[in-house]
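Okay, structure first, notes after.
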Amino acid sequence: MVYFIDVIIPVPLQKLFTYKISAAEAQFLKVGMRVAVPFGKSKIYTGIVYHIHNNAPVAYEAKDIQQILDDSPIVNDIQLQLWNWMASYYMCTLGDVMRAALPSAFILESETVITLNTVKTFDESILKDDEFLVFEALHHQSTLKIHDISNILDKKNVLPVIKRLIEKDAIIVEEEVYEKYIPKLVRYVKLHTHFSSEKELHNLLDELSRAPKQRDVIMTLFSISAKTKKPVKVSDLANESGASSSIIKALIDKGVLEEYHIQTDRVQYIGDETENSKLLNEAQKTALSEINESFKTHQVTLLHGVTSSGKTEVYVKLIEAVLEKGKQVLYLLPEIALTTQLVTRLQNYFGEQVSVFHSKYSAHERVEVWNHVLRNSAKAKIVLGARSSIFLPFNNLGLIIVDEEHEQSFKQFDPAPRYHARDTAVVLAHMHQAKTLLGSATPSLESYFNAQQGKYGLVEIATRFNDVLMPDIELVDIKEKLKKKRMKGHFSDRLIEEMTETLKEGHQVILFQNRRGFSPIVECKTCGHAPQCPNCDVSLTYHQYRNQLRCHYCGYHAAMLQDCEACGSQDLDNKGFGTEQIEEEVKVLFPDYKVARMDLDTTRGKYGYEKIITALEQQEIDVLVGTQMLTKGLDFRNVKLVGIMNADTMLNFPDFRAHERSFQLMLQVAGRAGRTEERGKVLIQTYNPHHNILQQVSTNNYIEMFNEQMNDRYNFKYPPVYKQIKVTLKHKDYNRVETASIWYAKSLRQVFKENILGPEAPPIARIRNQFHKNILVKIPKQQSLAKTKEAIIKINNSFLSVKDFRSVKVILNVDNF
Ligand code: ADP
Ligand code: ZN
Ligand code: ZN
C-alpha cells in the first residue's frame, strides 16, 4: 500500500500539496501535525497535515516529505474547520489562513532568520554535534538563514536541528521581541488622617516647632496641595522643601505622613490579590439574567450598555459560570493597548487562569500560550486577546466575549485573510456549540440590525453604574464664534472657560482631534501650490516637532520647505490642524499645566502607549491631546472634561460608514468624561451644529441614529442590508489598471447587472506608486453568497489568464470596512 498526505503550505496558492510517506510514517502521522516538505527547486516549508490517504496525485509525481516535526497535532479538527470556513468565506487560500493562524515560530521555512538567544546563559554540553555547529556559527555571524545552516551542516534537512535548538533555548527565530511593561511605582505622601481635625493639626505643629525642618516639610506639603489640588509626590516634596529623604522618612516612620503608591490602586479595587467579583447592581443583575435567558434561544446576544454601565462586571459573572463548567473563555478586544487596564482587572478575579495573547508577544510567549490552550491547561482558561487570538487551538470553548464589538480594527485589511474577528468568532463559537456575547455602548449597525431581525438576542443597560449621570454634551458653533471673534487659535471661548475651571479644580481634560501632525496641508499663499507625496496622491502633513513633511500613507518624509517649490515665495500657510498644533496651543493657553499627546507618533516606542496611560492615571498629565486612540474603552477616573476640537472632518469623510463611525467615536470619547461621582462635560466644536449626527450624539440617541442610517443603507443598497465584496486592482501603470478594471467591471456586470459599482478611483488614487481602482459587488440578501463568490472567482481566473493583466494585483475584500 502506498501512502500520501495532503499538506497545507503557507503560500497563497489555492490547492493542497500531496507528498508521499512511508507506511511507518502513515502509522505515526495524524492530521494537524507539522511536516517539513520540499517545495519548488530548493525551498523547504513547514506544512500542516490535512488529510492522509492512498491516492496518488494525477498531475505530478509526489515527492517524499523531509521530516515529521511533531509528536502530536498542534492544530485540532475544529481549527481546520475554521480555516476552511475562513478561506472560503473571505476568498483566500488555506495557506494564507495558516500563515495568519500559526505563531511564526511554528513556521520554520527557508526565509526564517535565526539568532542566538542571548537572554539565557547557556550550557553548551547539552548540544548534539550538529546543534553545536550551528550554535558556534552564530557566534561568528549574528544571523543565519535556513539555507546557510544547510551549508554549514552540509545537508538539506535541517529543520529538526533548528527545532531542537529552539526547544533548548539556544536560538530564537528573529522578530521584534516584546517585553512586558512594568509600570513604575510612584511614591506619594499625604498627612495622616489622624491629623485631619483642626485641633490635632495644631498640636502637631506645636510639637514640631522643636523640629523646624520637619515642620517645613509639612508646611510645604500644604502649599503644594493647595496649589495643585493633586496627590503630592515624595520627589516634589523633597525638591520644594529642600528636605533630605531621611527627614521625610522620619515623618513617615513617626506616622505623621502616610506613604502610598498610586499605581497599586489604579483601578481602585479594595481587597486582596484575588478578590471576589463585585455584587451587581439591579440594572446589571437584570442584564445578566436577560443574557442567560437570551442564550437559551440565541447563540449570539448583543449587550448594548451605555459607557460606564458596568458591562465588564457582567462579563465577569458570565465567565465565572463558564469556568465552573470547566470550559474555556475567549475575551476579544479590538486593540491590545486596551488590555493594560483590563488584564489587571481580570487577574484580580481570576489570577493565573488569565492568559494574554497578541502579535506583539515574543515567539516564545506566543507558543507558550498556544500550548496552554491546546492542552486546556489551567493557565489559559481565559484568553484575553486581539483579533488573532481566534486562531488559538481551543478544544472546549464555552463562551466568546467580543468587547467594543463596533470597532473597525476587528477587521484585518492586509494581508489575506481579510477577516472580521467578530464575525469569525461567531462562527468559531458555533463550531464549539458555545455562546457569543457582543458588547458595546455604540453597537455596529450590523449587529444591532441582526438583533432587530431576531438573529441575535438583545439586552440593554441604559444607566451608568452608581447612577453617575451621562456627560452633559454641548455643541459649540465655531462659525458663530469666528464671526464674533471668540476663537483663540482652534479654541472657542467656551472650551477655554470650561478647561480653566476643570483644571482649577484639579481635574483632567482630554482633547480629541482625529488627525496627527501639525497641519495636513502646507499651501503657498502666492501660487496655491501644496507639496505632495512623490509616491502617493496626497498632500504632505507638516510635523513641527521634527520640522518635516511626512506622508501618512507610505512613510515618505522630507525636510520642511523654506519656500514654495513652484514659485519660490516664502509665504507658506498651514491649512487644517492636527494633534501637534493643538498641543502647542494648549501650552500657550495654559502654561501652568502639563500637556501630553497620544497619537501614532508618540506611542510608537515600545511602551509608548502604556507610559502615557500610566502618566494620566498618576495625574502627571493635566491635558491629554489625542487621536481616536483615546476612545478605546479606557477608564480614567479624574477626567471631567472632554473637548472634541472639530467634528466636521469626521462627518465629511468620504465613506458610507462615516456618519455611523462619527457617532460611535464621539460617544466613546465623551464616555471618558466623568466616570465617577461628578458629572462629566463634553464640548463638541463644529461648523454645523444642526447636523443630525451631532444632535443624536448630544442626546445620546442611538436608536434615532440607527433608524436614520439604516434608511440610507436601504436606499443606497449598503451593508447591512446588502452584503458587499470590494475588488481592488493595483498597478504602477495607470493605463494598465484603468483598462484592467474596465474589463473586470464589465465581466462582473454581465453577471450581476446593476449591482456592480465602478470601477472608481478611491479618494487616494495612488499609494506607494500603485494606482488603485475599486469595483463594488453589492449582494442582495436573497442572492446566494456561495454562488456569487463562485462567479467572481471564475471571472477572476479568466482575468488572470489575460496576458496583459497578469501583473495587476487583485484584492478581494469580503464585507469590506
Ligand atoms: P463599561 O465597561 O460598561 O464601560 P465598567 O465595567 O468599566 O463599564 O464599569 C465602570 C466602573 O464602575 C468601573 O470602574 C467598575 O469598577 C465600576 N463598577 C461596575 N460595576 C460595579 C459593581 N457591581 N460594583 C462596584 N463597582 C462597579
Ligand atoms: Zn508658490
Ligand atoms: Zn506617500
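Atom CG in L94 sits 4.5 Å away from atom CD1 in I8 (nearest 0.5 Å). Within the model, atoms CG of L288 and CD of E293 stand 11.5 Å from one another, a figure rounded to the nearest 0.5 Å. Note that CE of M710 and CE of M705 are 10.5 Å apart. Values are rounded to the nearest 0.5 Å. The CG atom of L303 sits 8.5 Å away from atom CG of L458, with the distance rounded to the nearest 0.5 Å. Once rounded to the nearest 0.5 Å, the distance linking CZ of F465 with CG of N281 reads 5.5 Å. Considering CD of Q328 and CD1 of I400, their distance stands at 10.5 Å, rounded to 0.5 Å.
When atom types are taken as modelled, the side chain of R99 and the backbone of P10 share a donor-acceptor pair closer than 3.5 angstrom. A side-chain donor-acceptor contact under 3.5 Å links N76 to the backbone of F394. N395 places a side-chain N or O within 3.5 Å of a backbone atom of L374 that can act as its donor or acceptor partner. Using a distance-only test at 3.5 Å, with no hydrogens or angles considered, no donor-acceptor pair links the side chain of Q284 to the main chain of V314. Q79 places a side-chain N or O within 3.5 Å of a backbone atom of F391 that can act as its donor or acceptor partner. Judged by distance alone, the side chain of H298 and the main-chain N or O of K435 form no donor-acceptor pair under 3.5 Å.
The salt bridge (charged side-chain N to carboxylate O under 4.0 Å, His left out) contacts involving residues 376-385 comprise nothing, where partners must be two or more places apart or lie in separate chains.
With hydrogens and angles left out, the side-chain atoms of R464 and T307 include a donor and acceptor closer than 3.5 Å. A side-chain donor from one of K411 and N813 sits under 3.5 Å from a side-chain acceptor of the other. Checked by atom type, the side-chain pair T436/R422 shows no donor-acceptor distance below 3.5 Å. For the residue pair H304 and E460, a side-chain donor N or O sits within less than 3.5 Å of a side-chain acceptor on the partner. A donor-acceptor contact under 3.5 angstrom links the side chains of E405 and S444, judged on distance only.
Contact annotation: the side chain of P443 never approaches that of Q664 to less than 4.5 Å [non-hydrogen atoms, C-beta and beyond]. In this structure, E290 and T286 have side chains that are in contact, with non-hydrogen atoms separated by less than 4.5 Å. When side chains are defined from C-beta on, F410 does not count as touching D423, because their heavy atoms never get closer than 4.5 Å. At least one side-chain heavy atom of V97 sits under 4.5 Å from a side-chain heavy atom of C92. The side-chain heavy atoms of L624 and L511, taken from C-beta on, include no pair separated by under 4.5 Å. Side-chain atoms of T442 and Q668, non-hydrogen and from C-beta on, do get closer than 4.5 Å to each other. Counting heavy atoms from C-beta on, the side chains of F706 and F663 never come closer than 4.5 Å. Contact check for M86 versus I390: side-chain heavy atoms found under the 4.5 Å cut-off.
Counting heavy atoms of neighbouring residues, nucleotides and ligands inside a 6.0 Å radius, atom CD of Q433 does not exceed 12 of them. Counting heavy atoms of neighbouring residues, nucleotides and ligands inside a 6.0 Å radius, atom CG of D467 does not exceed 12 of them. At most 12 heavy atoms of other shown residues, nucleotides or ligands fall within 6.0 angstrom of atom CG in D77. With a 6.0 Å radius and a threshold of 12 heavy atoms from other residues, nucleotides or ligands, I703 has its CD1 atom above the threshold. Heavy-atom neighbours of F295 CZ from other residues, nucleotides or ligands within 6.0 Å: above the threshold of 12. The 12-atom threshold is exceeded at NE2 of H552, counting heavy atoms of other residues, nucleotides or ligands nearer than 6.0 Å.
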* To do: Carefully, step by step, assess L428 and I78 under the rule side chain to side chain contact (heavy atoms under 4.5 Å, CB included).
  => CA-CA 8 Å; L428 174 67; I78 293 186; 4.3 Å; yes
* **Test log, rule side chain to side chain contact (heavy atoms under 4.5 Å, CB included), inputs Q412 and R418** => CA-CA 5 Å; Q412 170 151 318; R418 298 181 170 78; 5.5 Å; no
* To do: Applying side chain to side chain donor-acceptor pair (under 3.5 Å), run through T93 and D96 and close with a yes or a no.
  => CA-CA 5 Å; T93 71; D96 289 329; 3.2 Å; yes
* To do: Take E404 and K311 through the test salt bridge (Lys or Arg N to Asp or Glu O under 4.0 Å) and record every step on the way to the result.
  => CA-CA 10 Å; E404 312 288 349; K311 293 184 288 296; 5.9 Å; no
* Asked: Can you check side chain to side chain contact (heavy atoms under 4.5 Å, CB included) on Y456 and L438, steps first, answer last?
  -> CA-CA 10 Å; Y456 296 172; L438 311 178; 3.6 Å; yes
* Step by step, work out the side chain to side chain contact (heavy atoms under 4.5 Å, CB included) result for K640 and K681. => CA-CA 6 Å; K640 218 185 123 191; K681 174 93 191 170; 5.9 Å; no
* To do: Step by step, work out the side chain to side chain donor-acceptor pair (under 3.5 Å) result for Q513 and T627.
  => CA-CA 5 Å; Q513 169 59 15; T627 56; over 6 Å; no
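Ring centers of Y448 and Y702: under 6.0 Å apart, within the cut-off. The aromatic ring centroids of W370 and F357 lie 6.0 Å or more from each other.
Considering all non-hydrogen atoms of both residues, Q508 and L616 come closest at NE2-O, 2.8 Å. Closest non-hydrogen pair, L399 versus V322, comes out as CB-CG2, 3.7 Å. The shortest non-hydrogen separation linking T602 to M598 is OG1-CA, 3.4 Å. Between M629 and D599, the closest heavy-atom pair is CE-C, 3.7 Å. Residues H406 and S440 approach most closely at ND1-OG, 2.8 Å, considering heavy atoms. Taking all atoms of both residues into account, the shortest heavy-atom contact from M91 to L812 is CE-CD1, 3.9 Å.
Using cut-offs of 30° and 60° on the angle between ring planes, the pair Y718 and F656 is parallel.
In this structure, R713 pairs ionically with E660, as a charged nitrogen and a carboxylate oxygen lie closer than 4.0 Å. A salt bridge links R345 with E313: at least one charged nitrogen is closer than 4.0 Å to a carboxylate oxygen. Ion pair E407/R387 not flagged as a salt bridge, since none of the NZ, NE, NH1 or NH2 atoms sits closer than 4.0 Å to an Asp/Glu carboxylate oxygen.
Every residue two or more places apart in sequence or in another chain that forms a ring pair (Phe, Tyr, Trp, His ring centres under 6.0 Å) with Y331 is listed here: Y315. Among residues two or more places apart in sequence or in another chain, the side-chain hydrogen bond (donor to acceptor under 3.5 Å, both in side chains) test is passed with K723 by Y89, D815.
When the options V316, L332, I319 are evaluated for a side chain to side chain contact (heavy atoms under 4.5 Å, CB included) with I401, the one that passes is I319.
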